[in-house]
Amino acid sequence: MDETRTAPARLAAWQRAARELALVAVLFLAYKAGRQLVSGHADVALANGEWVWRLERLLRLPDETLVQGPLLAHELLVRLANSYYAYVHFPATVLCLVWLWLRRPAHYVRLRRALAALTAVALVLHVCVPLAPPRLTALTGLVDTGTRFGPSVYGPPDTDRLSNQYAAMPSLHVGWALAIALALVAVTTGRRRWLWLLHPLVTAVVVVVTGNHYWLDGVVAVVLLVAILAVLPTPAPEPPTLPPGPVRPHVVPAPRRAGRRRNPKVPAAADVRLRPPGRG
């Protein structure tokens with residue numbers, strides 16, 4: 001192997017990886033900074049939270065307390081839900097992006113664009129419509145499971161400088177989870193690939209159980225993601241790979257020898273041997 005050729009290729013690969021990582025980091029930091037624009041609108045966010053709660057009741061959506069209430073008696077399950085909310089969302093997205101970048105670059109680009117577009121639209125909604133999560137809206141009666149049982153990723157809303165807690169709609173936990181699940185379904189084969197959809201389903205239940213989102217937050221995230229994916233171009237299908245097997249050599253027939261042409265009226269020796277006995 002020529003080391004002089006592989007070294008520039010490796011350097012170019014590392015440079016592309018660094019650019020992609022920097023791009024994702026910039027998008028995430030821009031989102032975190034943009035969320036701070038709606039800080040200080042607690043009164044409006046709480047009023048919007050009560051309005052969403054009443055709207056869900058008009059739409060006959062399931063009451064979030066019916067999901068959270070039975071689990072409050074099981075501390076272990078609540079802690080698992082809090083841990084899933086805190087530790088699975090971002091690492092799962094990063095791992096999926098890295099794997100797609102290494103194995104399916106075209107699908108990686110589509111997923112990256114979908115996440116960036118969804119995050120940008122979500123930021124606009126967070127700025128225009130600040131919304132308190134149900135755990136901070138007294139009308140809902142939901143418990144802040146992170147504060148009561150732990151672990152919690154949020155501090156007191158009034159002193160929390162790392163995140164703005166009045167930006168519940170849409171739920172990026174649900175939107176990102178569905179985006180990576182659909183991407184993995186598209187690049188894997190077999191019936192088991194549909195199990196990837198368990199991630200957004202579990203996430204939707206977890207964000208409600210922990211009191212961080214209303215049902216409508218997840219519904220809006222799904223609608224936005226579907227609209228974004230409908231606009232983005234679909235990656236071209238990859239050519240099918242042939243199964244490994246023995247390579248058969250190509251046999252070239254030997255050329256005929258130049259000689260006297262055969263008289264069709266004179267039987268050949270092989271024809272005589274194949275002729276039944278007793279016949280002239």
Side-chain angles (χ1 to χ4, degrees), residues 27-69 81-82 84-86 89-90 93 115-148 152-179 200 203-228:
L27 290 174
F28 180 75
L29 292 176
Y31 168 73
K32 297 293 288 185
R35 283 168 60 103
Q36 299 301 323
L37 296 176
V38 295
S39 59
H41 296 76
D43 295 339
V44 177
L46 291 172
N48 290 336
E50 295 181 355
W51 181 84
V52 169
W53 177 261
R54 296 189 180 96
L55 178 61
E56 286 187 337
R57 306 292 75 80
L58 291 176
L59 296 176
R60 304 295 183 181
L61 292 177
D63 194 329
E64 285 85 349
T65 57
L66 298 179
V67 180
Q68 186 191 72
N82 292 337
Y84 198 94
Y85 180 86
H89 167 61
F90 193 72
T93 305
L115 293 179
L118 178 62
T119 304
V121 175
L123 180 58
V124 173
L125 290 178
H126 293 166
V127 173
C128 296
V129 187
L131 178 64
R135 59 183 172 82
L136 297 179
T137 306
L139 181 64
T140 65
L142 267 74
V143 174
D144 187 348
T145 59
T147 302
R148 176 176 295 187
S152 177
V153 295
Y154 302 115
D158 298 334
T159 59
D160 191 357
R161 295 293 180 265
L162 297 178
S163 60
N164 174 39
Q165 301 183 39
Y166 299 112
M169 181 180 290
S171 171
L172 286 182
H173 274 71
V174 175
W176 284 23
L178 180 59
T203 301
V205 175
V206 163
V207 297
V208 171
V209 167
T210 56
N212 286 291
H213 288 284
Y214 305 91
W215 291 118
L216 277 179
D217 298 340
V219 172
V220 172
V222 171
V223 172
L224 291 175
L225 178 63
V226 170
I228 291 170

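Partners of Glu56 under the salt bridge (Lys or Arg N to Asp or Glu O under 4.0 Å) rule, at least two apart in sequence or in another chain, do not exist in this structure. With sequence neighbours left out, the side-chain contact (heavy atoms from CB on, under 4.5 Å) criterion links Arg148 to Val143. Checked against side-chain contact (heavy atoms from CB on, under 4.5 Å), Val222 has the following partners two or more places apart in sequence or in another chain: Val174, Leu178, Val226. With sequence neighbours left out, the side-chain contact (heavy atoms from CB on, under 4.5 Å) criterion links Leu55 to Trp51, Leu59, Leu216.
Here NE2 of His89 is found 5.0 Å from CH2 of Trp176. Values are rounded to the nearest 0.5 Å. A distance of 6.5 Å separates CD of Glu64 from CG of Leu142, quoted to the nearest 0.5 Å. Atom CG of Leu139 is separated from atom CG of Leu46 by 11.0 Å, given to the nearest 0.5 angstrom. Taking OG1 from Thr145 and CG from Asn82, the interatomic distance works out to 3.5 Å, rounded to the nearest 0.5 Å.
You'll find the side chain of Leu61 stays beyond 4.5 Å of the side chain of Val219, heavy atoms only. With contacts defined as side-chain heavy-atom distances shorter than 4.5 Å, the pair Val207/Tyr84 does not qualify. Looking at Leu136 and Tyr154, their side chains never come closer than 4.5 Å, going by heavy atoms from C-beta outward.
Residues Ser171 and Ala221 approach most closely at O-CB, 3.3 Å, considering heavy atoms. Taking each heavy atom of Pro130 and Val44 in turn, the nearest pair found is CG-CG1, 3.9 Å. Scanning both residues, Leu225 and Gly175, for their nearest heavy atoms gives CD2-O, 3.6 Å. The two residues Gln68 and Gly211 have their closest heavy-atom pair at NE2-N, 4.0 Å. Considering all non-hydrogen atoms of both residues, Leu224 and Pro170 come closest at CD1-CG, 4.0 Å. Nearest heavy atoms, Ala177 versus Thr203: CB-OG1, 3.8 Å.
When atom types are taken as modelled, the side chain of Arg57 and the backbone of Val52 share no donor-acceptor pair closer than 3.5 angstrom. Judged by distance alone, the side chain of Thr140 and the main-chain N or O of Pro134 form a donor-acceptor pair under 3.5 Å. Between the side chain of Asn48 and the backbone N or O of Val129, no donor-acceptor pair lies under 3.5 Å. Of the possible polar contacts, one joining the Trp215 side chain to the Pro62 backbone as a donor-acceptor pair under 3.5 Å is found.
Between His213 and Tyr85, the ring planes lie tilted relative to each other; the angle falls in the 30° to 60° range.
Every pair tested for salt bridge (Lys or Arg N to Asp or Glu O under 4.0 Å) that includes a residue from residues 117-133 fails, sequence neighbours excluded, so the list is empty. Residues in residues 128-141 take part in these salt bridge (Lys or Arg N to Asp or Glu O under 4.0 Å) pairs, two or more places apart or across chains: Arg135-Asp144.
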